[in-house]
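In this text, all values refer to a predicted model and were calculated from it rather than measured experimentally. Chain A is the first sequence line, chain B the second, and so forth, proteins listed ahead of strands; every chain is numbered from 1.
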Amino acid sequence: MALSESLFGQKFGITELDLHNYLSEALSAGGDYADLYFEYLATSNISIDESIVKSAVQGVSLGVGVRVISGERTGYAYSDDLSSERVRKAARTAALIARGPAKIDKTGFEESRRRNLYPVLTAPTETSLLHRVELVKRADIAGRAYDPRVFQVQAGYADSLRHVLVATSDGALSFDRQPMARLSVAVLAQEHGAPQRGSSGGGGRVSLDFFLHEKTPEYFAREAARQAIVQLDAVAAPAGEMTVVLGPGWPGILLHEAVGHGLEADFNRKGVSAFSGRIGQQVASPLCTVIDDGTIRNRRGSLNVDDEGVPTQQNLLIEKGILRGYLSDKLSSRLLHNPTTGNGRRESYRHIPMPRMTNTFMLAGESDPADIIRSVPRGLYCATFGGGQVDITSGNFVFSASESYLIEDGKLTRPVKGATLIGNGPEALKYVSMVGNDLKLDEGVGICGKEGQSVPVGVGIPTIKVDKMTVGGTAA
Amino acid sequence: MLHIAEQAVRLALAQGATGAECTISEGDEFEATVRMRELETLKEAGSRAAGLRVLIGRQVGSSYTSDLTRDGIAYLVKSALEIAKISTEDPFAGLPEPSSLGSIPGDLALYCDDVAKLETQYKIDQATAAEQHALSADTRITNSEGGSFSSYIGARYFANSHGFAGSYRSTSCSLSVVAVAQNNGSMERDYWYTLARGSAGLETPAAVGLKAAERTLRRLGARKVATQKAPVIFEPRVARSLLGSIFEAIDGESIYRKSSFLAGKLGEKVASENVTVVDDGTLPGLFGTSPFDDEGVPSRRTVVIDRGVLNSYLLNTYTARKLGLESTGNASRGITGNASVGPGNFFLEKGTLPPADIIRSVHRGLYVTELIGSGVNIVTGDYSRGAVGLWIENGELAYPVSEITIAANLTEMLFDIETIGNDLHFLGSTASPTILIREMTISGQ
């Protein structure tokens, strides 16, 4: 695609000469590198509560971020007005960081390799609102029909279509059109005691057909209702160290918290991660191979090019327990003299890119999931999680189980209440003693927060057995 | 800007809306980060956006845009009306009654002139000095994630079709340091920050840097403790998150949906007698203060829990109508959509004991300095979070602990608040003094 055919060329009349001029302005006070990130974002959001579509929102935002890098320094400015005067002003502001002679490597632009990991002809955002409002209505009906003990259903549908243009002083030019959609359902059920909740959801960089044929509103609503009903019989969660079995899919958040963040190159460049300087060392059991892959078709964490215009790729983080690599953006790869890995991401044009995960998962092993559970005399099986968090410096991380069961004599017995699990990143995966053959990626709801910036991510894991982990329940 | 908001409302009415409200926000942000004594990032920019909410009878639609030109506003109105047509009739939907609209008179001290005048070099120097104080505090402070100075100058404009039109400006400044310490193979980080409406209200760079260093150093060599039940002290920074959970539980939305463990308990005893929780959006200079809420209802003071008895929920117009009550002036929204409920200045009233005396009163227990994770279930009150802190032996802070969790149920925790400190300070809109909870389950080894 030529610039003239892109949204930024057609709608806003931006030319290659403009891009060149803005980058020159950005490097006018010196600096090693500059880039421009143009973003046009349209979003919509529809929610249902008490079977009433109480409101819906749609809107657009646009802007451009200008970044100048000079050694380890970054200057950043943005504008929500794409007029030449305002973009130049932002470029001059970003330029304040730099001193010394500028290095412009190239004068012309070369467009990045083209591919499309999300070939969605009509993005959900471009379809009729009436079709989209049906999704939340169907979820509401299905949630209520699941069981008479269900008394509240809230469903939310959100989609977005983001157009980006990245132009860099080293001559790279890339365009991307990034669709995204997500449906989520929360259910409350009550029998004799207190109400209990369940939640579910999914989506990705998909067309509306995904919700009509692959994962329907009924599928997510029933799953949310099932979880709420299970919780009605939950007993207090145990407290203390024990064997924990994680089910496949979303429990992969373990990897995101325990190792993923700690392997982001910015923390390692600064030497503040518990994983700093540990490349080549054993940080997990030999059964564990962990990958971050931004190239999986239609996935929530996937991108054709990252937010610095670098094509995403598959990155090996841990190979049979040995730490192999970090996730890098341009600044860190420049300073560490490592290749970029396509992990430079940002929330919007108002934000400075930094190394982030895409889709992070563990490769399947050889064990039958049923054998894994059978091997545990006493422990906890976690099927679903809420969120997690990590302190990358000490390596301590938590993640909160929302659906789990006691394992007694190799069988799942009683459901237990939600509890937080805690461990230490470089240690926790050393206790992985069995890995299932059932790798599953999550349904597509993950949002990762770092330094105030949220980006969509994916996780995945097969069933795994962790011989020792601390469970934060109340039953001694 | 206010005339653009009024114009959007008029245009919506002209095109078929029966009611409309428009919010415009604009702001300039600045941030300088200095790491290992070198300037690392400098960010400076401004942006603005408009949000519109329209009613067609009892059907509601909302839209937003960053384009405030005439064409942009026309598209904003068209989008909101289009989307109202697909929503469902909601008998409780509507704007506040005209009689409930208004604005607190007088200067609420939300804007400091000095913020706009601060030189970039001054801000960089403050960040540099704060980090330097942390780095030079102790040889074990070997690294840092930097010192930062940030400032914000913003304004908010609001107009609705009942004729309300109001605006206010605000500023903020903050200075923070994240220090990293290393010793005998243990590496820890912690931080400190100060936040005020103007630079004069900030703690000094020395105070911020030294506090960050001290907090980081005391975490070195942390160990796990055995799983047990014990008293737990929440220092103010973490007690604040507990107040956040109480807020979620008395938010009118959780109440009408019955998704809170406090739903239906108005007038009942829900906490120990020494607990009084107040929401006050009128306190000058604080970060939860505003002349009117995000629907144009004046901010006010509400006693939420009065000596242990649940006295009031916090409500916007919609949740008040659902519950047959009056709005408490707690409508909150980013820029668009239906208003949710947000806190003013939401705090636990202080007690009389200094924090040191509270620590001395505990024979064996945990002093929590950081909580991680989101393990709070407002529906059931179940509470389980990762914790970092110091172990108390014989009334003294004995050694650091980490990789443990603390768990209980909020219903019991509120009754188990035994002692409340005299150290109430606001660092944001939610605040709490030191709290001693009689007993929680600590999960460790």
Side-chain angles (χ1 to χ4, degrees), chain A residues 45 49 52-63 72-80 90 93 96-97 129-130 133 152 188 194-197 237 239-241 270-272 274 350 352 386-389 391 393-394 396 398-400 417-420 422-424 470-474 476, chain B residues 35 38-45 47-49 51 53 60-67 79 82-83 86-88 90 93 120 143 145 180 187-189 222 227 229 257-259 261 336-338 372-375 377 379-380 382 384-386 388 402-408 441 443-445:
Chain A
N45 214 308
D49 174 25
I52 298 170
V53 179
K54 291 188 179 174
S55 177
V57 183
Q58 57 182 357
V60 289
S61 67
L62 86 140
E72 292 200 42
R73 297 176 161 203
T74 299
Y76 198 79
Y78 57 82
S79 167
D80 55 12
T93 305
L96 291 174
I97 196 79
L129 280 166
L130 285 171
V133 77
Q152 284 277 10
L188 289 178
Q196 296 288 343
R197 73 173 177 199
E241 283 180 351
K270 297 172 186 172
V272 298
R350 291 189 298 272
I352 300 174
Q389 195 179 337
D391 170 345
T393 304
S394 68
N396 289 339
V398 295
F399 54 138
S400 301
K417 292 182 177 183
T420 288
I422 191 161
N424 184 269
T470 298
V471 177
T474 54
Chain B
R35 184 174 166 269
E38 295 282 344
L39 179 61
E40 186 179 67
T41 47
L42 205 54
K43 183 177 177 186
E44 186 167 11
S47 63
R48 50 197 204 168
R53 177 173 174 266
V60 184
S62 299
S63 61
Y64 71 89
T65 184
S66 59
D67 179 1
S79 297
E82 176 184 70
I83 212 155
I86 61 137
S87 72
T88 320
D90 181 351
T120 298
N143 202 344
E145 287 196 56
V180 176
M187 180 162 68
E188 297 285 350
R189 64 107 194 83
T227 300
K229 289 190 191 293
R257 292 193 185 114
K258 299 188 176 63
S259 61
F261 70 97
T336 191
N338 289 342
I372 62 171
S374 53
N377 183 337
V379 178
T380 58
D382 289 330
S384 166
R385 301 187 70 187
V388 171
S402 71
E403 210 189 325
I404 57 170
T405 61
I406 55 172
T441 303
S443 186
Q445 254 161 3

Determine whether a donor-acceptor pair (N or O, by modelled atom type, separation under 3.5 Å) exists between the side chain of [X] and the backbone of [Y].
{"X": "B:Ser443", "Y": "A:Val471", "answer": "yes"}
{"X": "B:Ser47", "Y": "A:Asp80", "answer": "no"}
{"X": "B:Ser66", "Y": "A:Leu62", "answer": "yes"}
{"X": "A:Gln58", "Y": "B:Ser79", "answer": "yes"}
{"X": "A:Thr470", "Y": "B:Ile404", "answer": "no"}

Pick one of side chain, backbone, both or neither for [X], based on which atoms fall under 4.5 Å of a heavy atom in chain B.
{"X": "A:Lys270", "answer": "both"}
{"X": "A:Thr93", "answer": "side chain"}
{"X": "A:Ala90", "answer": "neither"}
{"X": "A:Gln196", "answer": "both"}

To the nearest 0.5 Å, what is the distance between [atom1] ([X]) and [atom2] ([Y])?
{"X": "A:Ser400", "Y": "B:Arg385", "atom1": "OG", "atom2": "CZ", "result": "8.5 Å"}
{"X": "A:Asn424", "Y": "B:Ser402", "atom1": "CG", "atom2": "OG", "result": "8.0 Å"}
{"X": "A:Leu96", "Y": "B:Lys43", "atom1": "CG", "atom2": "NZ", "result": "15.5 Å"}
{"X": "A:Lys54", "Y": "B:Asn338", "atom1": "NZ", "atom2": "CG", "result": "8.5 Å"}
{"X": "A:Thr474", "Y": "B:Ile406", "atom1": "OG1", "atom2": "CD1", "result": "13.0 Å"}
{"X": "A:Glu241", "Y": "B:Thr227", "atom1": "CD", "atom2": "OG1", "result": "7.0 Å"}

Greatest number of heavy atom pairs closer than 4.5 Å to chain A - which of [options]:
{"options": "B:Thr120, B:Thr405, B:Thr336", "result": "B:Thr405"}
{"options": "B:Leu39, B:Ile372, B:Val60", "result": "B:Ile372"}
{"options": "B:Ile83, B:Asp90, B:Thr65", "result": "B:Ile83"}

Non-hydrogen atoms of [X] and [Y] that approach each other most closely:
{"X": "A:Ile422", "Y": "B:Gly386", "answer": "CD1-CA, 3.9 Å"}
{"X": "B:Thr441", "Y": "A:Ala239", "answer": "CG2-CB, 3.8 Å"}
{"X": "B:Glu188", "Y": "A:Ser394", "answer": "OE1-CB, 3.5 Å"}
{"X": "B:Thr41", "Y": "A:Ile97", "answer": "C-CD1, 4.4 Å"}
{"X": "A:Leu188", "Y": "B:Ser259", "answer": "CD1-CB, 3.5 Å"}
{"X": "B:Ile86", "Y": "A:Val53", "answer": "O-CG1, 4.4 Å"}

Sub-4.5 Å side-chain heavy-atom contact between A:Lys417 and B:Thr380:
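A side-chain contact is absent here, since even the closest heavy-atom pair is not under 4.5 Å.
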Is any side-chain heavy atom of A:Asp49 less than 4.5 Å from a side-chain heavy atom of B:Arg257?
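Sidechains of B:Arg257 and A:Asp49: in contact.
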Examine whether an atom of [X] lies under 4.5 Å from a heavy atom of chain A, and if so say whether it belongs to the side chain, the backbone or both; otherwise answer neither.
{"X": "B:Arg35", "result": "side chain"}
{"X": "B:Asn377", "result": "both"}
{"X": "B:Asp67", "result": "neither"}
{"X": "B:Ala408", "result": "backbone"}

Salt bridge (Lys or Arg N to Asp or Glu O under 4.0 Å) partners of B:Glu403, counting only residues at least two apart:
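Applying salt bridge (Lys or Arg N to Asp or Glu O under 4.0 Å) to B:Glu403 gives B:Lys224.
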Between A:Ser61, A:Gly418, A:Ala194, A:Ala56, which residue shows the highest count of heavy-atom pairs closer than 4.5 Å to chain B?
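Highest number of pairs under 4.5 Å: A:Ala56.
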